[in-house]
Peer 1: 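To start, I am sharing the structure in question, which I have written as C-alpha cells.
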Amino acid sequence: MKFPVHTSPYGGLPNNVTRVMGEVLLALVPGIIALVYYFGWGVLINIVIAVITALAAEAGILRLRKRPVKPSLTDLSATVTAVLLAIALPPLLPWWMTILGVLFAIVMVKHLYGGLGYNPFNPAMAAYVLLLVSFPVAMTQWLPPQMLNEHPLTFTQTLAAIFGGGLPHDLTWDAITSATPLDAMREQLKMNKTISEIAQNPMWGDFGARGWEWVGNWFLLGGLFLLWRRIITWHIPFAMIAGLLLSSGLFWLFDAESMPFPGFHLFSGGMILGAFFIATDPVTASTTPKGRLIYGFLIGVTVFIIRSWGGYPDAVAFAVLLMNMAAPTIDYYTQPRVFGFRGKDNA
Amino acid sequence: MITHKPGSWDFHGGIHRPDKKSVSAGKFLGKVPLPEILVLPLQQHIGAMAEAIVEVGERVLKGQTIARVSEYIGAPIHAPTSGTVVCIEERPVPHPSGLSAPCIVLQTDGKDEWGELPEPLPYFDDMDPSLLRERIRWAGIVGLGGAAFPTSVKVNHGPDRPIQTLVINGAECEPYITCDDLLMREQADRVVEGIKVLLYVVDADECLIGIEDNKPEAIAAMREAVAESGLKDVQVVQVPTRYPMGGEKQLIKVLTGKEVPSHGIPSEIGVICVNVATAAAVTDAVMAGRPLLSRLVTVTGEGVNNPGNLEVPFGVFMSDVIAQAGGYSERAYKLILGGPMMGFSLGDDELPVTKGSNCLLVASRAEAPDPDKAMPCIRCGKCMDACPAQLLPQQLYWYAKARDFDKTQEYNLFDCIECGCCSWVCPSHIPLVQYYRFAKTETWAMEKEKRQAEDARRRHEARVERLERLERERKARLRQKKEALEKKTAAGGANPRKAAVEAAMKRVAEKKARQAQAEKNTEESS
Ligand code: SF4
Ligand code: SF4
C-alpha cells in the first residue's frame, strides 16, 4: 500500500493564529462594553469604521502584493489592530481620521515592512501617534464619563457628530467634551495646584479617574483571561506595571503634593490596556523571558517619564514605539541559557 | 555517591498531548510468523555500515553472524532464522528520504534451526567487564528506544570517566507507543537481569529507572521485580508524563539534576542511559548467549483493525506486521514509523522492520491531517516556551530560512534534539523542525566541503613547498659543487684541462668572428 508523506510532528496542531487573535478579541469585549457604557456609542461606531477599513485595506494590499487574501483576512490580525486603535480614539473623532489612522496602520506600518510578522512597530500605536501629532485638538477631545455627562448623545446624534453632521442645536463642542483625566491632571499641576486640591474635582474616583478606573478593571479581566489561556505570558504586563508603579511611587513618596499617587497612573488612561493588549503584541515585543521583563519595565518607566515631564499627557503609545525599536537589541543580549551550558544562571 | 531525591528536578518546556496509549497498551498479539523472505539492511544502527560475510547461495543458521563491522562504532547483524542467502543488493529501506541501501535477502526454510551459539555467562560477575562488552557487541545490540546507537560503545565509557548513575529509560514519552510498557509489565525480570549486568559492566553506584506516571502497571511490575532481585541502590522513579521526558538529556536531568553538556555525552557527567528494551536484550546476550534477532513493535492507530504489540523478527515487511494486527481499516491514511512527534511517514509498507523500529502508527486522516499552509512567524515565542533544549526556535527558523548557517550555529542549532515541540505549538504552523534538519544537513555538507577544501589547500601548499625545497636543495648542491670547483681552481692554480678548453673555445669564437666579418665585407663591396 502507498501513503502520502510529510514531516513530523503528526496530528492536528493545537494552536493557530486565528484562535490566538480571536481570543484577544474576546478578551477585549468586557473592556469595550465598559467603554461604551461610560463614553457612549461613539466607541462602537469607531470600532466598526476601523474594522471595515482594515479588512478592505488588508484585502487590497494583499491583492497588490499578489498574496492569497483569504488566509490573511481570516487570521483576524488586521481586525485586532483596528479594534485596538479604535478603542484608543476619542469617541467622537471624525470618521475620516479613523479611516486615515487605520490605513496608515495597515498599509504603511504593517505591509510596507513585509506584512504580518515583519513589522517592527506596533501598527495600532504608530497610527495613534500619527493621529495625535497631526490632529492634536481632535485627538484630545474626550467625553466625560456617563455619570458626569450632562448631555449624553443618542446613537443617531453620535452618528451625526462623527460623520460631520454636527451637534444637536443646543450644544457646542466645548459643552459636551472634556479633557481626559491625564490631561486635566497635567494642566492643573501646571497651574501649580496641589494634588489634594486637584482631587476635589468630581472627576476623580476611588483609585483613578471615574469611569476610567472601571474600564481599566474590565480590561484587566480580559488580560487575566489571556494569561489563563496562555496567549500572553505574565512577564510584560507585570514588568510594565511594576516599572510604572516603582518610578511613580518613588517620586510620590518624595513629593506627594505635586506627584500623583501611583494608582492614578495605573487606572487612568491606557495603562492597563497597554500592558495586557498592546505591549504584549508578539510581533513587535521582545521575545526572550528576561527580555520581556526588561522591555515591559522600560515601557512602564518611560510612560511615567513622558506623563510627568513630556509633551503629551498619555504616553503608552510613545513608550511602546520607543521600546519596539529596542526589542531586537534586548532580545540579542538576553538569550536564554541553552540546555547543557554552564556558568550562566538557570533562567 | 547516590542521588538524593531522584526525580525531583524538571526540564524546561515540553508539551502535553493526548497520549493515545490505551489504543494498544497491554495488548500482546504474539509473534509475527516468519515470511518466506527476510530483507536485512546492513545499516540498522548509527555508525559504520556492516559488511556481509556470507555468500549468495550460502545456507545460514538462526543466530549466525551474517554481517560484521570492523569500525568501532557499529553493530553486526545476525540471521533471524535459518535459510539461504538469495542476494545481497540495494533494496528500499525505511528512511525519511525513501532511499535504497544494501541489504542481505534471506529465503527462510521454515526449520528455524539454530546455529552454534556462544556459551551463556550466568556468573558474569566473575568476569572481566571487557569480555561482557565484547559479548554485547557480538550480539549486535543497539539502543532499542529508536536511536539505534550501538550499546557496546555506550557502555565503554573508559577508565577516566567513572560512572555514578545508570539511568534506565522506561519513560516512553511519545504518544501511541506502548512496546516498552508491555515489556516492563510482562517481562520486568528480564529487564532487571539486564540492569544487573549493565551495573556490573559500567560499575555504577546506583541505577535509576525512570517511568512516566501514565504507566502504573509497568511501575508496579518493575518495582516488584527490583524488590525480588535483591538489588540495592536500584530505584524505580515515577516521572511526570510530559513529552519529551524520554529524551536522554531530559530524563537524566529530571532524575539526577545533572545536565549533559552541550555537544557532550552523558558519560562526561558520570551517567549512562539505556532503554529498558535494550537492557532486556543484554540479558539474552549474556545469560542465554543469544544475539538480537527480533523486537517488540507497537502497531497502532485508527488505521489498523486490531492494534497491539507484536514480536517481530528483523527483516519482516511492515505490510506483514500490519496484516498480523488485523490489517488496515478503511481509515488508514498515513504510515508513520516511530511516534507522531519524532517519527517519519513512509510512502510504502513493503519495507523491512529493523532494530530501531519501535512503532508502526497507521494514522487516520484525523490523526495525521495533511499540513496546513504555513503562515508567517508572529514571534509569539510559544516555540521558545516549549523548547526543552532552551533554544530560540524562532531565531533559528529565521536564520535557517535565510540560509545563514553561521548564525544558526551561533544560536546553537546542534543542541536541537529535533523533538518537534516547537512545530507542535506554533500557531503559524511553520514546519520548524524541517528547517532545522535542513540547516543541519547543509552545515554538515558545508563543513565537509570546507574540510575537503582545507585538505586540498594543505596538499597544494605541501606540494609547492616540497617543490621549492627540492629546488632549493638542487641549487644548494650546485652552488656547493661550484664552490668546491672554484676552491680547487684557486688552490691548484690554473686547471690545465679547463684552460685548454677555454683556449679552444676562444679560438673557435675568434674564427667565427673573423668569418662573419669577412662575409660582411663581401656583402658591402658587392
Ligand atoms: S511559535 Fe511559530 S509563530 Fe510563534 S514565534 Fe515560534 S515560529 Fe514564530
Ligand atoms: S525541535 Fe529543536 S528547536 Fe524545536 S523544540 Fe525541539 S529541541 Fe527545541
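Note that these values count all heavy atoms, side chains included, but never hydrogens, waters or copies made by symmetry. Below, chains carry the letters A, B, ... as their sequence lines are ordered, and counting in each starts from 1.
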Peer 1: Is it the side chain or the backbone of D348(B) that comes within 4.5 Å of chain A heavy atoms, both, or neither?
Peer 2: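 The answer is both parts of D348(B).
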Peer 1: Are the charged groups of E367(B) and R331(B) less than 4.0 angstrom apart, N to O?
Peer 2: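 No, this pair does not count.
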Peer 1: Please flag which part of N412(B) lies under 4.5 Å from any non-hydrogen atom of chain A: side chain, backbone, both or neither.
Peer 2: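 Contact with chain A involves the side chain of N412(B) alone.
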Peer 1: If I measure from the heavy atoms of chain A, does C426(B) come under 4.5 Å with its side chain, its backbone, both, or neither?
Peer 2: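 Backbone of C426(B) only, per the 4.5 Å heavy-atom cut-off to chain A.
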Peer 1: Can you pull out the residues in residues 374-383 of chain B with any heavy atom less than 4.5 Å from chain A?
Peer 2: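 Answer by number: M375(B), P376(B), C377(B), I378(B), R379(B), C380(B), G381(B), K382(B).
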Peer 1: Between T298(B) and S24(B), do the side chains contain a donor N or O and an acceptor N or O under 3.5 Å apart?
Peer 2: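 Per modelled atom types, S24(B) and T298(B) side chains form no pair under 3.5 Å.
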Peer 1: Answer with side chain, backbone, both or neither: which region of Y333(B) has an atom nearer than 4.5 Å to a non-hydrogen atom of chain A?
Peer 2: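 Both backbone and side chain.
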Peer 1: Donor-acceptor pair, S286(A) side chain versus P328(A) backbone, under 3.5 Å?
Peer 2: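 No, the answer is negative, given that no donor and acceptor are paired below the 3.5 Å cut-off.
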Peer 1: Can a donor-acceptor pair be found between the side chains of D415(B) and S262(B) at a distance below 3.5 Å?
Peer 2: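 S262(B) and D415(B) do have a side-chain donor-acceptor pair below 3.5 Å.
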Peer 1: Using a 4.5 Å cut-off on heavy atoms from C-beta on, say whether the side chain of H12(B) contacts that of Q390(B).
Peer 2: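 SC-SC contact between Q390(B) and H12(B) confirmed.
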Peer 1: Could you have a look at I232(A), L13(A), T7(A) and say which one has the most heavy-atom pairs with chain B under 4.5 angstrom?
Peer 2: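 Heavy-atom pairs under 4.5 Å are most numerous for L13(A).
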Peer 1: What do the steps show when you test T287(A) against D331(A) for side chain to side chain donor-acceptor pair (under 3.5 Å), and what is the final call?
Peer 2: CA-CA 7 Å; T287(A) 57; D331(A) 276 354; 3.2 Å; yes
Peer 1: First locate atom CD1 of I231(A), then atom CG of L226(A), and finally report the distance between them rounded to the nearest 0.5 Å.
Peer 2: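 Interatomic distance, I231(A) CD1 to L226(A) CG, rounded to 0.5 Å: 6.5 Å.
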Peer 1: Listed by residue number, which members of residues 112-128 of chain A have a heavy atom under 4.5 Å from any heavy atom of chain B?
Peer 2: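 The residues closer than 4.5 Å to chain B, in numerical order, are L116(A), G117(A), Y118(A).
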Peer 1: Heavy atoms under 4.5 Å from chain B: which residues of residues 276-285 of chain A carry them?
Peer 2: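 Checking residues 276-285 of chain A against chain B gives P282(A), V283(A), A285(A).
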Peer 1: Which of these passes side chain to side chain donor-acceptor pair (under 3.5 Å) with S77(A): T81(A), D75(A), T79(A)?
Peer 2: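 With S77(A) as partner, T81(A), D75(A), T79(A) yield a single side chain to side chain donor-acceptor pair (under 3.5 Å), made by D75(A).
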Peer 1: Considering only heavy atoms and a distance below 4.5 Å, find which of S319(B), G343(B), A366(B), P431(B) pairs most often with chain A.
Peer 2: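 When all of S319(B), G343(B), A366(B), P431(B) are compared, G343(B) has the most.
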Peer 1: May I ask you to decide if G13(B)'s main-chain N or O and R242(B)'s side chain share a donor-acceptor pair within less than 3.5 Å?
Peer 2: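 Judged by distance alone, yes, a pair lies under 3.5 Å.
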Peer 1: Would you tell me whether K334(B) and H6(A) have side-chain atoms, one donor and one acceptor, within less than 3.5 Å of each other?
Peer 2: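 Yes, a side-chain donor-acceptor pair sits under 3.5 Å.
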Peer 1: Okay, side chain of T74(A), backbone of P71(A): is any donor-acceptor separation there less than 3.5 Å?
Peer 2: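 Indeed, once roles are kept as given, a pair shorter than 3.5 Å links the two residues.
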Peer 1: Where on E350(B) is there a heavy atom nearer than 4.5 Å to chain A: the side chain, the backbone, both, or neither?
Peer 2: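 Looking at E350(B), nothing touches chain A.
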Peer 1: If I measure from the heavy atoms of chain A, does P175(B) come under 4.5 Å with its side chain, its backbone, both, or neither?
Peer 2: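 The answer is neither part of P175(B).
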Peer 1: Does the side chain of Y411(B) pick up a donor-acceptor pair with the side chain of D404(B) at under 3.5 Å?
Peer 2: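 Side chains of Y411(B) and D404(B): no pair found under 3.5 Å.
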Peer 1: Just by distance, do the side chain of E259(B) and the backbone of G340(A) share a donor-acceptor pair under 3.5 Å?
Peer 2: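 Side chain of E259(B) to backbone of G340(A), a donor-acceptor pair under 3.5 Å: yes, one is there.
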Peer 1: For each of D370(B), L361(B), L346(B), tally heavy-atom pairs with chain A at distances under 4.5 Å, and name the one with the top tally.
Peer 2: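 Ranked by contacts with chain A, first place is L346(B).
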Peer 1: Which residue pairs pass the side-chain hydrogen bond (donor to acceptor under 3.5 Å, both in side chains) test with at least one member in residues 416-433 of chain B, sequence neighbours excluded?
Peer 2: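 Non-adjacent pairs meeting side-chain hydrogen bond (donor to acceptor under 3.5 Å, both in side chains): D372(B)-H429(B), E418(B)-R437(B), E418(B)-K440(B).
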Peer 1: Could you have a look at V425(B), I336(B), I15(B) and say which one has the most heavy-atom pairs with chain A under 4.5 angstrom?
Peer 2: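 Counting heavy-atom pairs under 4.5 Å, the top option is I336(B).
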Peer 1: What part of R292(A) gets within 4.5 angstrom of chain B, counting heavy atoms only: side chain, backbone, both, or neither?
Peer 2: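 For R292(A), the side chain is the part near chain B, not the backbone.
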Peer 1: Using a 3.5 Å distance criterion without hydrogens, assess whether the side chain of S8(A) forms a donor-acceptor pair with backbone atoms of M341(B).
Peer 2: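 At least one qualifying donor-acceptor pair exists.
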Peer 1: How about Y435(B) and Y399(B): are their ring centres within less than 6.0 Å of each other?
Peer 2: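 For Y435(B) and Y399(B), the ring centres are not under 6.0 Å apart.
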Peer 1: If you draw a 6.0 Å radius around CZ in R65(A), do more than 12 non-hydrogen atoms from other residues or ligands fall strictly inside?
Peer 2: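 Atom CZ in R65(A) is packed in, count exceeds 12.
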Peer 1: Atom CD1 of I106(A) and atom CD1 of I61(A): how far apart are they, to the nearest 0.5 Å?
Peer 2: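 Going from CD1 on I106(A) over to CD1 on I61(A), the span is 9.0 Å.
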Peer 1: In terms of heavy-atom proximity below 4.5 Å to chain A, should L335(B) be classed as side chain, backbone, both, or neither?
Peer 2: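 Looking at L335(B), backbone and side chain both touch chain A.
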